[in-house]
Structure formats: C-alpha cells, structure tokens
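Some notes on the structure that comes next.
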Amino acid sequence: MDAPTASQGMVVDLDGLARLVEALQRRCTEVIGPVVRDAAVVLDRIETADDLPAGWTDDQAPGRYRLRRRQDAARFGHALGPHAWKRVLHPPRERLWRAERAPGAELGPAVSAVEVTPSRALLGVRACDLAALAVHDRIFGDPSHPNLAYQARRAASWVVAVQCTDPGGTCFCASLGTGPAVAPEAGADLTLTEVLDGGHRFVARPDTARGADLLAEVAGRPAGPDDEAAAAARVSAAAGRMGRALDPEGLPAALAAHLEHPRWEQVADRCLACGSCALVCPTCFCSTVEDVADLDGSGTERWRRWDTCFTADFSYIHGGTVRASTAARYRQWLLHKLSTWADQFGSLGCVGCGRCITWCPVGIDLVEEASAVAGRAWPPDGIGGAS
C-alpha cells in the first residue's frame, strides 16, 4: 500500500503493534518501553510487543503506588511509573573519560572519551515527558554549555509517543498545558492512541517523515473519521480525569513573594531530604562530577552522576553549606521548579507528571504546597486533592 504522509493516520491492530516493534528493532540497537518489574511499570529494554504491560494499570496518590489488573488487555492503560526518560538520554551515572598511563611511560597519559550508546527507540513516551525532553533539549543544547553526549543520544533516538488515556491520581499536566494530548509538533516521530471500544486497535499518526516511513512497514488501514473521533474522545476524557490542577498564571511571582512563608518550615517537619522528588522528576538535570583512580596508579576516570539540591554537598562552598536546613533545600527545589526556572528558561520546570507526589516517601504534595505558599485555595473546585 502507499506510504502514509506526515498527516495521514492509520489504524493498526495488536499484530500491527508487534510489527511496529519489529520495525523499530531493525532500525535501532534496542527498543526501550514500559514493562512490569518490581511491582511497578518501569522503563526497560523490550524484545517484542509481548513485553509491554498488557492488562495492568496503577493507582497513585501522595506517597502511594499500587499496580492492579484491568478488565481489559490494554498495553498502555497505565499512568507514569517512577522512571522518566531522562534516565535513557541523561543516565544516572556516566563515565566522561578514562586516562591510562602506557606501560613504562612517565608522562602523558592517553585520554579516551566514552563512546556514545548507539541509537534507541523510545516507545510509549507521554505528552508530559515529551515536554520534559523539550526542556532538556533546550538546556543541554545551549551552545555555551553543550552536553554533547546527550545531544548525540537524542539525535539518534526514535520517539514513538502514546496519547495518555488513563491519567493517575497525582497527574496535573492538563492544567499546565503539557498534556494529555501529544501535539504533532511535540517531537515524536509517531504517535499512537490506544482505542478499546469496537475492537482493540491503535490509531497511529506519523509526525515526521521517518515516522511515516516506519508506519508504512506496518500493515493497517487508513484511519477514518470514526477512528479519529474515538481516539480524540479518549484523550479528551483523560483531560477531565486529572487528579490535580495547578494554575500557572502568576505562580512564579506569587511564590517568589513568600520566601519566609511558615509553610516552608511546616513541610520541612515531614520532608526527609531524600531527594526522591528530584530523582523521579523528568526535568531535574543537576549533576556532580567525581574522579576515581586505579589503586596502582595506572589510570583514572571521571564520572558524572545525578545530584539534587537536597544533599548537603550540593550547596557547599568554602566555609560551609549554604542551605543547611531541610526547609531551605525544599524551598530551593520548589522555587526553582515553579518560579526561578521561568526566569532562566522561559517556562516552568514542571510538566505536571505527578511523579514527585507519588514517589515521595511521606506523601508531600507539590501542588498542595505551592498552592499554600502562593495563597491559593486547595483543593480547587472539582479536584480531589491530597488523600
């Protein structure tokens, strides 16, 4: 059949999804997608479409995550797990270079850079995570401080997005305009919408020329008006089922005006300063660098690893730590995310995924805390709020 154009949709069934994964395998070294492991939906390498979490969904609330079985076999009928896609493109620990002294040499160790991981296919990227990747593209693509390894991985990646149809109890992307719908210009090569009514199928939309080429290898039929309407209805319904809402209008200034708000100390009484919120956040990008030497002196390596503003060393300068209290560290994290980030990068540093709320061990709710400091009502009308 004729190859679809970048505006022509196609309907594929479960066998077509399997062929899509096979087509990605032919193009990429590995395909990364959602799988069930350790009682959660995480991101890992998949070999076939059978590795996807068929028939699983999740219940999420502040400090709570539970998998449960669905009444159907949806492959993407879950919300977000603890893994953000940054762990693929900006890994938690990465060797920058290794220097080795040649045998018998007294000077001039040879420095070797680490090879960039070959291309990957990212399967199942949601709209909020696409917005987070756009944030990292801007930060790591800054010509004055480029992250060349990230840029190489990003350029070599294929992105297959999936429209969110089952948001979690801590999601609030709709209120920030970062989801649940995937816009054609959001950065995906191909976008899928899983439809279960009237037969299990996927409405596929190619968003780039190479996405159209990919879809041409997957047998299916052209998407008709009924298919498009069914897909749009599922996404629209998801927007109305968000567990939270955060109005970004005027929020950065409202938060910056309350640096001494008593709420900072109140939340510090609960906060463990563990940094889980920053580690699961899809936009947090801070890192530190450490050098490791071989015991015999034959070589040394430099590694970059994730860091967070919750560690004591993060704000250390000669003479001590600038932010010594938990209250100061939490304030730094929340204000950077929802206030000063806008000054630096022209947008909020939050995409409304809700991971920081779900995976906080004590259930601290970013939306509730930001609303309290900004002097806004919580929960807003029609929103469930913290449980």
Side-chain angles (χ1 to χ4, degrees), residues 1-35 43 45-54 73-77 85 88-89 117-127 129-130 133-134 137 152-165 180-235:
M1 63 181 300
D2 293 338
T5 65
S7 60
Q8 179 184 350
M10 180 182 289
V11 175
V12 299
D13 56 15
L14 291 175
D15 290 337
L17 180 65
R19 289 190 292 273
L20 174 63
V21 174
E22 293 170 358
L24 290 170
Q25 294 280 12
R26 289 192 292 270
R27 287 167 168 78
C28 303
T29 303
E30 58 183 5
V31 179
I32 307 295
V35 300
L43 299 179
R45 183 169 184 166
I46 65 172
E47 301 297 335
T48 71
D50 292 336
D51 295 329
L52 296 170
R75 269 48 174 182
F76 301 99
W85 290 97
V88 179
L89 300 172
T117 303
S119 63
R120 291 187 174 102
L122 315 183
L123 173 63
V125 184
R126 305 302 174 95
D129 277 340
L130 275 173
L133 290 180
D137 290 345
R153 293 190 190 100
R154 186 72 166 96
S157 297
W158 288 69
V159 178
V160 178
V162 172
Q163 305 263 31
C164 178
T165 57
V182 176
E185 66 278 5
D189 293 298
L190 185 67
T191 297
L192 305 177
T193 308
E194 189 168 22
V195 179
L196 302 171
D197 300 333
H200 198 161
R201 63 197 190 279
F202 301 85
V203 179
R205 184 191 71 210
D207 294 330
T208 64
R210 69 176 189 174
D213 291 339
L214 176 68
L215 192 56
E217 295 185 20
V218 181
R221 61 175 176 81
D226 291 344
D227 301 309
E228 301 287 359
R234 295 209 72 199
V235 179

Exercise: identify the closest heavy-atom pair between [X] and [Y]:
X: Thr208; Y: Ala188; value: CG2-O, 3.6 Å
X: Pro206; Y: Leu215; value: CD-CD2, 3.8 Å
X: Asp13; Y: Gly16; value: OD1-N, 2.8 Å
X: Ser119; Y: Cys28; value: OG-CA, 3.5 Å
X: Trp85; Y: Ile32; value: CH2-O, 3.5 Å
X: Ala161; Y: Leu130; value: CB-CD1, 3.9 Å

Heavy-atom distance under 4.5 Å between the side chains of [X] and [Y], does that happen here?
X: Val162; Y: Val125; value: no
X: Leu122; Y: Arg154; value: no
X: Ser157; Y: Leu89; value: yes
X: Val203; Y: Leu192; value: no
X: Leu14; Y: Arg201; value: no
X: Phe76; Y: Leu52; value: yes
X: Arg120; Y: Thr29; value: no
X: Asp227; Y: Arg221; value: yes

Determine whether a donor-acceptor pair (N or O, by modelled atom type, separation under 3.5 Å) exists between the side chain of [X] and the backbone of [Y].
X: Glu194; Y: Arg75; answer: yes
X: Arg234; Y: Thr165; answer: no
X: Gln25; Y: Glu47; answer: yes
X: Glu228; Y: Ala223; answer: no

From [atom1] ([X]) to [atom2] ([Y]), nearest 0.5 Å:
X: Asp15; Y: Leu20; atom1: CG; atom2: CG; result: 12.5 Å
X: Arg205; Y: Asp189; atom1: CZ; atom2: CG; result: 12.0 Å
X: Leu190; Y: Asp213; atom1: CG; atom2: CG; result: 11.0 Å

request  = List the steps and the verdict of side chain to side chain contact (heavy atoms under 4.5 Å, CB included) for Thr191 and Gln163.
outcome  = CA-CA 7 Å; Thr191 297; Gln163 305 263 31; 3.8 Å; yes
ask   = Is it true that Glu22 and Arg27 make a salt bridge, defined as a side-chain N closer than 4.0 Å to a carboxylate O?
value =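 Judged by the 4.0 Å cut-off on N to carboxylate O distance, Glu22 and Arg27 do not form a salt bridge.
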query = Which is it for Arg26 and Glu217 under the salt bridge (charged side-chain N to carboxylate O under 4.0 Å, His left out) test, yes or no, and what are the steps along the way?
reply = CA-CA 11 Å; Arg26 289 192 292 270; Glu217 295 185 20; 2.7 Å; yes
